[in-house]
Amino acid sequence: MAIVARGFTGRGRSDPALPPGQYLTQDFPVLSAGPTPRIDTSRWQFTLATETGERQSWTWEQFLALPSEDVTVDLHCVTKWSKLGSHWTGVPLEEFLGELDTSAEYASVSSYGGYTTNLPVEDLLGGQAWIAHRYDGEDLTPEHGGPARLLVPHLYLWKSAKWIRGIQLLIEDEPGFWETAGYHNYGDPWREQRYWGD
Amino acid sequence: MARAAVLGRLTWRAVTVTGVRDETATARTLVLDAGDWPGHLPGQHLDLRLTSADGYSTQRSYSIASAGPGPVEITVAAVDGGEVSPYLARDVRPGDQFEVRGPVGGYFVWRREDPAPVLLAAGGSGIVPLMAMIRDRSASDSRVPFRLVYSIRSPAEAIYARELARRVRDDHGLDVTYLYSRSAPEGWRRAPSRIRPGDLVANGWPPELDPLCFVCGPTGFVEATATLLAGAGHPAGRIKTERFGG
């Protein structure tokens with residue numbers, strides 16, 4: 001049985017749009033473990049590498065030439081805030097992965113600045129993930145991961161790596177920065193998978 | 001799976017408030033009896049769950065202010081209109097109970113065995129996890145030099161002011177510098193302003209000493225401070241940040 005906190009009423013009811021344990025915020029908090037990298041788009045590059053070592057890279061211009069989508073998604077941060085109905089523009093991951101010859105089931109995502117995170121390849125496909133370059137009609141700012149970040153809104157937001165630099169496809173899973181520091185390997189907010197063992 | 005260590009599941013535990021301490025007009029420390037709390041590293045946080053009589057519940061994360069064994073302390077600043085912080089900072093009294101789980105977070109932590117000099121940069125209530133580091137340094141009789149740069153709007157907002165003054169006197173190797181952004185005490189030499197490059201040059205460490213820098217506070221403060229440190233030549237991997245809210 002939950003312990004009742006004497007005199008606490010709070011908002012009094014849960015919003016069905018919010019996963020368990022989350023609360024609604026209207027602003028857009030910034031969370032990152034170190035200083036914000038500033039990456040000039042003239043030297044930005046995104047590299048996809050397969051499990052066999054095959055590599056393909058896109059410059060900023062080549063990246064922007066790919067078909068983008070406008071999407072409206074809910075964001076859920078493991079630190080408990082959720083932001084509903086946020087507007088993004090990004091290139092769906094199918095554009096990068098679609099034609100690829102791979103049997104890899106796992107992806108390790110890396111960022112400028114050294115951050116890494118991991119997720120199953122199937123979570124990058126099927127209209128669930130984008131490399132986003134615009135937020136709310138504006139170019140993505142460095143604090144929020146610009147010039148481009150991964151956007152995988154069906155998982156906790158730490159999976160949506162800011163300042164994305166590359167994706168390595170892997171036969172075996174490789175836990176990333178937070179995943180090795182006690183946070184859940186998969187991170188489904190609707191199953192409240194915040195930490196190891198959740 | 002290539003995990004460095006395997007932790008047990010973090011389960012919710014009932015805690016009892018055994019004491020409250022007002023730190024400022026809006027910030028209060030809650031002393032918690034957390035039973036068989038497994039211990040924590042300074043800089044870690046806990047998750048807290050409040051459940052109302054009709055079964056509604058909500059969670060928040062709070063940095064742990066205390067160090068070492070003994071009761072767990074958190075310090076909560078009431079945010080007007082907030083759902084949880086005004087309750088914790090104003091309504092809670094000794095004997096009250098709620099639930100916590102933790103400790104959580106293994107990156108923004110100071111480890112006693114690390115000999116590198118430490119810069120702590122706090123904005124407002126961002127002092128809390130940094131205070132846990134100062135307390136842990138003291139509890140372990142560490143001689144590692146610590147410098148705290150603490151930015152607040154005015155002197156009345158200084159959390160832990162008396163304890164910091166005592167520790168500067170008694171804990172050898174701890175320096176504390178206050179930066180006031182709106183109003184400074186009478187006769188203060190530095191005109192009120194947000195953090196500036198010179199503040200970190202004068203009161204921090206040069207990058208050549210390879211210090212470990214912990215920066216905690218509101219996003220604006222953390223962005224500004226981390227950018228100044230990186231610009232001064234501190235490697236990104238030596239600047240650890242934790243940001244509160246938006």
Side-chain angles (χ1 to χ4, degrees), chain A residues 1-15 18 20-38 77-81 83 112-115 118 141-144 172-185 192 194-198, chain B residues 1-12 14-15 45 47 49-61 83-84 87 91-93 95-99 101-108 215 219 222-223 225-227 229-231 234 236-246:
Chain A
M1 269 310 284
I3 300 287
V4 172
R6 179 199 56 83
F8 176 73
T9 52
R11 303 258 184 268
R13 64 190 169 86
S14 304
D15 184 333
L18 295 180
Q22 296 293 108
Y23 67 90
L24 186 64
T25 183
Q26 301 299 337
D27 52 18
F28 192 173
V30 172
L31 280 110
S32 37
T36 298
R38 318 259 155 192
C77 179
V78 71
T79 63
K80 317 281 170 1
W81 58 266
K83 182 175 180 60
Y112 289 92
Y115 181 77
N118 60 301
T141 59
E143 300 90 272
H144 289 303
E172 285 194 44
D173 198 8
E174 199 172 279
F177 180 87
W178 289 121
E179 292 84 0
T180 50
Y183 286 81
H184 198 275
N185 197 52
E192 207 172 359
R194 299 181 194 275
Y195 312 118
W196 297 354
D198 278 357
Chain B
M1 213 172 285
R3 282 178 173 168
V6 178
L7 300 183
R9 182 177 155 78
L10 291 176
T11 51
W12 292 101
V15 298
H45 59 269
D47 282 3
R49 180 162 72 185
L50 296 180
T51 302
S52 68
D54 61 4
Y56 168 78
S57 78
T58 192
Q59 299 181 27
R60 296 293 186 275
S61 293
E83 182 186 20
V84 169
Y87 173 79
D91 301 342
V92 162
R93 57 188 190 222
D96 284 352
Q97 287 194 310
F98 47 81
E99 291 164 292
R101 67 173 183 156
V104 177
Y107 182 71
F108 193 84
V215 186
T219 292
V222 172
E223 278 295 312
T225 305
T227 301
L229 289 169
H234 297 271
R238 302 296 284 170
I239 307 169
K240 301 194 177 202
T241 62
E242 186 123 297
R243 298 156 213 246
F244 285 173

Student: Heavy-atom pairs under 4.5 Å with chain A: which of B/Thr227, B/Thr58, B/Val215, B/Ile239 has the most?
Tutor: B/Ile239
Student: Has A/Lys83 got a side-chain atom pairing as donor or acceptor with A/Gln26's backbone, closer than 3.5 angstrom?
Tutor: yes
Student: Below 4.5 Å, heavy-atom pairs only: which of B/Arg238, B/Arg49, B/Glu83 has the largest tally toward chain A?
Tutor: B/Glu83
Student: Would a line drawn from the ring center of A/Phe177 to the ring center of B/Tyr107 be shorter than 6.0 Å?
Tutor: yes
Student: Using a cut-off of under 4.5 Å on heavy-atom pairs, state which of B/Ala236, B/Gly95, B/Ala230 scores highest against chain A.
Tutor: B/Ala236
Student: Of the non-hydrogen atoms in B/Trp12 and B/Asp47, which two are nearest, and what is the gap between them?
Tutor: CZ3-O, 3.6 Å
Student: Identify which part of B/Phe108 has an atom lying under 4.5 Å from any heavy atom of chain A, answering side chain, backbone, both or neither.
Tutor: neither
Student: Heavy-atom cut-off 4.5 Å, strictly under: side chain, backbone, both or neither for B/Arg93 against chain A?
Tutor: both
Student: Taking it one step at a time, do A/Thr36 and A/Arg38 satisfy side chain to side chain donor-acceptor pair (under 3.5 Å)?
Tutor: CA-CA 6 Å; A/Thr36 298; A/Arg38 318 259 155 192; 4.6 Å; no
Student: A/Trp196 side chain to A/Tyr183 main-chain N or O, any donor-acceptor pair under 3.5 Å?
Tutor: yes
Student: Could you tell me which of A/Ala5, A/Gly113, A/Gly7 has the largest number of non-hydrogen atom pairs under 4.5 Å with chain B?
Tutor: A/Ala5
Student: Between A/Glu192 and A/Arg194, is there a side-chain N and carboxylate O pair less than 4.0 Å apart?
Tutor: yes
Student: Can you tell me which of B/Ser61, B/Ser57, B/Gly55, B/Ala14 forms the most heavy-atom pairs within a distance under 4.5 Å of chain A?
Tutor: B/Ser61
Student: When heavy-atom pairs shorter than 4.5 Å are enumerated against chain A, which of B/Val104, B/Asp54, B/Thr225, B/Thr11 gives the highest number?
Tutor: B/Val104
Student: Checking heavy atoms, do the side chain of B/His234, its backbone, both or neither come under 4.5 Å from chain A?
Tutor: neither
Student: For the interface with chain A, which of B/Gly237, B/Ala226, B/Ser52 has the highest count of heavy-atom pairs at distances below 4.5 Å?
Tutor: B/Ser52
Student: Which region of A/Trp81, side chain (C-beta onward) or backbone (N, CA, C, O), has a non-hydrogen atom less than 4.5 Å from a non-hydrogen atom of chain B, or is it both or neither?
Tutor: neither
Student: Looking at A/Arg6 and B/Asp91, is there a salt bridge between them, counting it only when a charged N and a carboxylate O are closer than 4.0 Å?
Tutor: no
Student: Would you say the side chains of A/Asp15 and A/Tyr23 form a donor-acceptor pair under 3.5 Å?
Tutor: no
Student: Please flag which part of B/Val222 lies under 4.5 Å from any non-hydrogen atom of chain A: side chain, backbone, both or neither.
Tutor: neither
